[in-house]
Structure formats: C-alpha cells, structure tokens
Amino acid sequence: MDAMDRLLLNRLQEGISLERHPFRKIATEANLTESEIVQRIQALLDKGLLSRFGPMYNVDRMGGLFVLAALSVPVDEYDRVTAIVNAFPEVAHNYERSHTLNMWFVVATETREQAEHTLSRIEQATGYKVFAFPKLKEFFIGLYLPV
C-alpha cells in the first residue's frame, strides 16, 4: 500500500457525496482522475485490504431489520463456519471475539420474517445455534481509523 492508497482510505472514511460523480471531488483532492480512484479502490478490494466498499443503508427506515447474531464455534471449525456464514448475502460483516460466543455477525434484511428465515438457514448450514439480538436502538459512533 502506497501513500496514495493510505490517503484514499483515510478520505473514504469521511464519506462520499451522493451525486452523479461521487469520486470527482476526491480525485481533485488527490490530483488523480475519477477512473484512477475507482481503479485504486478495486485494487484494494482485490488485494483484500478492503473487505467491502459500498453504501450503508439504514434498513430500519426502509422497513427492514438489522440483527446482531452470534455463534459459539470450536476453533478447529472456525474457518469452515466463517465461509458458510459469509456466503449469505444478508450478512453484512463477521468478526471474531474471544468469548464463548466467538463469532459475531450482522444480518440485514427487508423484513423481520426474512431475518428469522436467514438466521434459521445459517443455523442449519453451520450446525450451530444462532443467538440473535435484534437492534432495539441505534447509536452513531463515528468510527474513524487513520491508515
């Protein structure tokens, strides 16, 4: 990762305007073209330095539901179960914690019924009980991790 990639990652964390040319302002700031910005983002995704790049929707406001869910997965099964869970398009992200419930992920769906169905499918596919914690209240943290 070069200095321009670091600059780009820091800048992307500030957000992008919802407009016809969302990368124009960043390209001007970085003295690059919009195409070069897109190519750099794709390269970061291809290298696995970015796991995801895309909009964040407030699914609640569209009638949907976010559910924080957890599994207790034996260490020797962890990679296999991670691949299964991450294959579900409803799973927004997945992370490991040092706790009995060591795999935590977020499921985002259009309806409560879809969330319940997805969690049930994950439970069947993994063979492990899914503990579900539907969102009751939203907190904005404003996380920024300088690169």
Side-chain angles (χ1 to χ4, degrees), residues 1-19 21-23 25-27 30 34-147:
M1 179 183 310
D2 64 15
M4 185 57 71
D5 286 341
R6 284 193 285 281
L7 179 107
L8 182 58
L9 288 174
N10 287 332
R11 177 58 181 85
L12 291 173
Q13 291 184 71
E14 296 172 5
I16 298 174
S17 301
L18 184 59
E19 58 186 80
H21 296 282
F23 299 110
K25 183 177 179 184
I26 297 171
E34 292 174 80
S35 178
E36 289 170 322
I37 296 292
V38 172
Q39 289 171 0
R40 282 184 173 268
I41 292 170
Q42 187 58 56
L44 292 167
L45 288 165
D46 292 344
K47 294 175 188 172
L49 296 171
L50 274 180
S51 60
R52 178 185 178 277
F53 180 78
M56 297 284 288
Y57 299 104
N58 188 333
V59 73
D60 294 357
R61 290 189 179 175
M62 296 186 293
L65 183 71
F66 280 119
V67 177
L68 177 62
L71 296 171
S72 180
V73 182
V75 173
D76 61 333
E77 286 279 295
Y78 201 88
D79 290 343
R80 182 187 72 81
V81 174
T82 298
I84 293 170
V85 171
N86 289 349
F88 282 82
E90 299 91 344
V91 173
H93 57 269
N94 182 348
Y95 55 96
E96 184 175 9
R97 293 190 68 184
S98 54
H99 184 271
T100 302
L101 297 173
N102 58 347
M103 181 182 292
W104 290 77
F105 53 95
V106 173
V107 168
T109 58
E110 294 180 12
T111 66
R112 179 173 301 278
E113 292 76 22
Q114 287 176 335
E116 291 170 358
H117 181 66
T118 299
L119 294 170
S120 175
R121 290 174 36 230
I122 290 172
E123 196 166 274
Q124 290 174 349
T126 63
Y128 294 101
K129 178 172 178 44
V130 174
F131 296 87
F133 307 94
K135 183 174 88 176
L136 301 177
K137 185 176 180 179
E138 184 164 329
F139 297 91
F140 181 74
I141 297 173
L143 180 65
Y144 177 84
L145 302 170
V147 179

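Numbers here simply count residues along the sequence, with the first being 1.
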Inset, instruction - Test side-chain contact (heavy atoms from CB on, under 4.5 Å) on Q114 and E90 and set out the steps. - result: CA-CA 9 Å; Q114 287 176 335; E90 299 91 344; over 6 Å; no
Legend entry - CD/E110: more than 12 non-hydrogen atoms of other groups inside 6.0 Å: no
Inset, instruction - Could you grab the distance from atom CG of L119 to atom NZ of K129, nearest 0.5 Å is fine? - result: 10.5 Å
Inset, instruction - Would you name the heavy atoms of M103 and N94 that are closest together and state the gap between them? - result: CG-OD1, 3.2 Å
Legend entry - Within-4.5 Å side-chain heavy-atom neighbours: R40 and M4: yes
Inset, instruction - With the side chain counted from C-beta on, respond yes when V91 and I122 share a heavy-atom pair under 4.5 Å apart, and no when they do not. - result: yes
Inset, instruction - State, with a plain yes or no, whether a side-chain heavy atom of L9 is found less than 4.5 Å away from one of L49. - result: no
Legend entry - Heavy-atom side-chain proximity of L44 to F53 below 4.5 angstrom: no
Legend entry - From K135 atom NZ to L65 atom CG, the distance as rounded to the nearest 0.5 Å: 8.5 Å
Inset, instruction - Give a yes or no on whether the backbone of V130 and the side-chain of E123 come within a donor-acceptor separation of less than 3.5 Å. - result: yes
Legend entry - Spacing of T100 atom OG1 and L71 atom CG [to the nearest 0.5 Å]: 13.0 Å
Legend entry - Value rounded to 0.5 Å, distance of CD1 in I41 from CD1 in I37: 6.5 Å
Legend entry - Polar side-chain atom of R6 near backbone of M1 as donor-acceptor pair, under 3.5 Å: yes
Inset, instruction - Compare all side-chain heavy atoms of L8 with those of F23 and state whether any distance is below 4.5 angstrom. - result: no
Inset, instruction - For the pair W104 and H99, name the ring-plane relationship: parallel under 30°, tilted 30 to 60°, perpendicular over 60°. - result: perpendicular
Inset, instruction - Mind listing the closest non-hydrogen atom pair of S17 and P22 along with its distance? - result: O-CB, 3.6 Å
Inset, instruction - Without swapping roles, check the side chain of S120 against the backbone of E116 for a donor-acceptor pair under 3.5 Å. - result: no
Inset, instruction - Identify the two heavy atoms, one from F133 and one from V67, that lie closest to each other, and give their separation to 0.1 Å. - result: N-CG1, 3.8 Å
Inset, instruction - Taking the side chain as every heavy atom from C-beta outward, state whether V73 and T82 have any atom pair closer than 4.5 Å. - result: no
Inset, instruction - Tell me, with the steps shown, if K25 and R11 meet side-chain contact (heavy atoms from CB on, under 4.5 Å). - result: CA-CA 11 Å; K25 183 177 179 184; R11 177 58 181 85; 4.1 Å; yes
Inset, instruction - Could you tell me whether the side chain of Y78 and the main chain of N102 form a donor-acceptor pair under 3.5 Å? - result: yes
Legend entry - Under 3.5 Å donor-acceptor, N10 side chain and V147 backbone: yes
Legend entry - Test item: I84 and R80 side chains (from C-beta on) under 4.5 Å apart, heavy atoms: yes
Inset, instruction - Spell out, as yes or no, whether a donor-acceptor pair under 3.5 Å connects the side chain of E77 to the backbone of P74. - result: no
Inset, instruction - May I ask you to test the V107-F88 pair for a side-chain heavy-atom distance under 4.5 Å? - result: no
Legend entry - Derivation and outcome, side-chain contact (heavy atoms from CB on, under 4.5 Å), residues R121 and H117: CA-CA 6 Å; R121 290 174 36 230; H117 181 66; 3.1 Å; yes
Legend entry - Heavy-atom neighbours of L145 CG exceed 12 at 6.0 Å: yes
Inset, instruction - List the atom of S72, the atom of Y128, and the distance in Å for their closest heavy-atom pair. - result: O-CD2, 3.6 Å
